[in-house]
Every structure is written in structure tokens, then in C-alpha cells.
Amino acid sequence: MDPQESFQQRIWHIVAAIPQGKVATYGDIARLAGSPRAARQVGGVLRRLPQGTQLPWHRVINRHGAISLQGDDLLRQRDALAAEGIEISDDGRIALEQYRWRP
DNA sequence: TGAATGACAAATT
DNA sequence: TAATTTGCCATTC
């Protein structure tokens, strides 16, 4: 990975590369960014994104295929994913084997 | 400069 | 198998 870029910039680039209709886990992104143990920081970066961002942050979910957000944000992400053709089971989880992004 | 924080993940119970 | 606890580490206060 490019060491000149800050950690959060690498996260931005990786998340931006997730294709529509696919999802990635926080752990995956952390690994692609060169810090396999920094999954938590991935969430930290996405949390501080500006409102008008173009980043497809809604395509990032946790290892259980579930959305980690809560409240209104949870509903918004759920809708955004459904709009891309991603189906969510009744318990609020996604079939990772089917929708997971494999670069 | 150092302590606290957290959109996770793996190990333990 | 599911729930709880522990470790992680870049960013924020």
C-alpha cells in the first residue's frame, strides 16, 4: 500500500472501489489497507465522513453480515443496500457468500 | 504528551 | 450454538 497516504485516505480509496451490488466487511477493508487488525478504525473513519460524501459507505458491514449502525442510520443503510439489489434476511443480515466483494 | 474512544473481530464461556 | 469478554490500533480530546 502507498505509505504516503494517511490511513484514512487508504480507507476512502478502498471503500470507493467496492462495486455496486456488493459488500465488504470492516476486516476486509482493514486488511486491504495494510492493517489487518484495524477493523475498528475502519468504522472510525466512516463515522467521521462528511454528509455529502460520495463514498458508498453503506456497502461496508461487519463480519456477521449485519449492519453495525443503529437508529436512523441503520435504516438508511438498509434501504441503500436494498436499492442495489442486496437482500436482507428477516434478522437483518446479508448472505456474505453471495454478496461479498472479492477483489 | 497521554488517556479515552469506538460503524470490529477473535477467543472464551 | 449463542452470548459475553478481551485484544486491537488510528483518531480524538
Side-chain angles (χ1 to χ4, degrees):
Chain A
M1 290 307 180
D2 193 342
Q4 292 186 332
E5 288 186 330
S6 70
F7 196 79
Q8 79 172 9
Q9 277 182 322
R10 289 202 294 271
I11 301 302
W12 290 344
H13 291 156
I14 293 167
V15 172
I18 303 174
Q20 189 180 61
K22 293 291 181 181
V23 297
T25 68
Y26 296 98
D28 285 341
I29 293 171
R31 190 150 37 78
L32 292 171
S35 297
R37 310 289 163 178
R40 230 172 157 175
Q41 281 52 253
V42 175
V45 169
L46 296 182
R47 183 178 194 273
R48 303 175 190 58
L49 285 174
Q51 273 193 339
T53 185
Q54 312 167 15
L55 234 62
W57 56 269
H58 53 271
R59 295 176 190 149
V60 184
I61 58 181
N62 64 29
R63 196 178 180 286
H64 297 88
I67 297 173
S68 294
L69 287 169
Q70 296 180 4
D72 293 338
D73 289 330
L74 168 55
L75 297 178
R76 264 189 251 114
Q77 182 170 5
R78 203 175 169 297
D79 290 342
L81 291 173
E84 294 187 352
I86 297 174
E87 298 189 12
I88 303 173
S89 58
D90 294 332
D91 61 347
R93 305 218 258 144
I94 294 168
L96 281 174
E97 303 80 17
Q98 183 178 358
Y99 295 108
R100 188 170 187 173
W101 175 47
R102 322 223 159 119

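Proteins get letters first, then strands, A, B, ... in listed order; numbering begins at 1 in each. No hydrogens, no waters, no symmetry mates; every other heavy atom, side chains included, goes into these values.
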Here the distance between atom P of dA10(C) and atom CD of Gln8(A), to the nearest Å, is 13 Å
Using side-chain heavy atoms (C-beta onward) and a distance below 4.5 Å, is Trp101(A) in contact with Asp28(A)?
no
Side chain proximity check, Ile14(A) to Val42(A), heavy atoms < 4.5 angstrom: no
Note to self: Measuring only between side-chain heavy atoms, which start at C-beta, is Glu87(A) closer than 4.5 Å to Gln98(A)?
What the structure shows: no
(message) With heavy-atom distances below 4.5 Å as the criterion, would you say the side chains of Thr53(A) and Trp12(A) are in contact?
(response) no
Taking every heavy atom of Arg100(A) against every heavy atom of Lys22(A), the minimum-distance pair comes out as O-CD, 4.1 Å
Taken in chain and number order and not counting sequence neighbours, the residues that satisfy side-chain hydrogen bond (donor to acceptor under 3.5 Å, both in side chains) with Arg76(A) are Asp73(A)
Here the distance between atom C1' of dG7(C) and atom CZ of Arg40(A), to the nearest Å, is 9 Å
Inset, instruction - Give Gly27(A) one of three labels, base, sugar-phosphate or nothing, depending on what nucleic acid heavy atoms sit under 4.0 Å from its own. - result: sugar-phosphate
From OH of Tyr26(A) across to P of dG7(C) the rounded distance in Å is 24 Å
Within residues 95-103 of chain A, those residues having any heavy atom closer than 4.0 Å to DNA chain B are none
From CG of Leu46(A) across to P of dA10(C) the rounded distance in Å is 16 Å
message: On the nucleotide dA7(B), are OP1 or OP2 found under 4.0 Å from the side-chain N or O atoms that Arg47(A) carries?
response: yes
Arg37(A) CZ to dA9(B) C1', in whole Å, measures 9 Å
Within residues 50-82 of chain A, the residues having a heavy atom closer than 4.0 Å to DNA chain B are Trp57(A), Asn62(A), Arg63(A), Ser68(A), Leu69(A), Gln77(A)
Check: With a 4.5 Å heavy-atom cut-off, do Ile61(A) and Gln77(A) have their side chains touching?
Finding: yes
**Prompt:** If we only count heavy atoms from C-beta on, is the Gln8(A) to Arg48(A) side-chain gap below 4.5 Å?
**Reply:** no
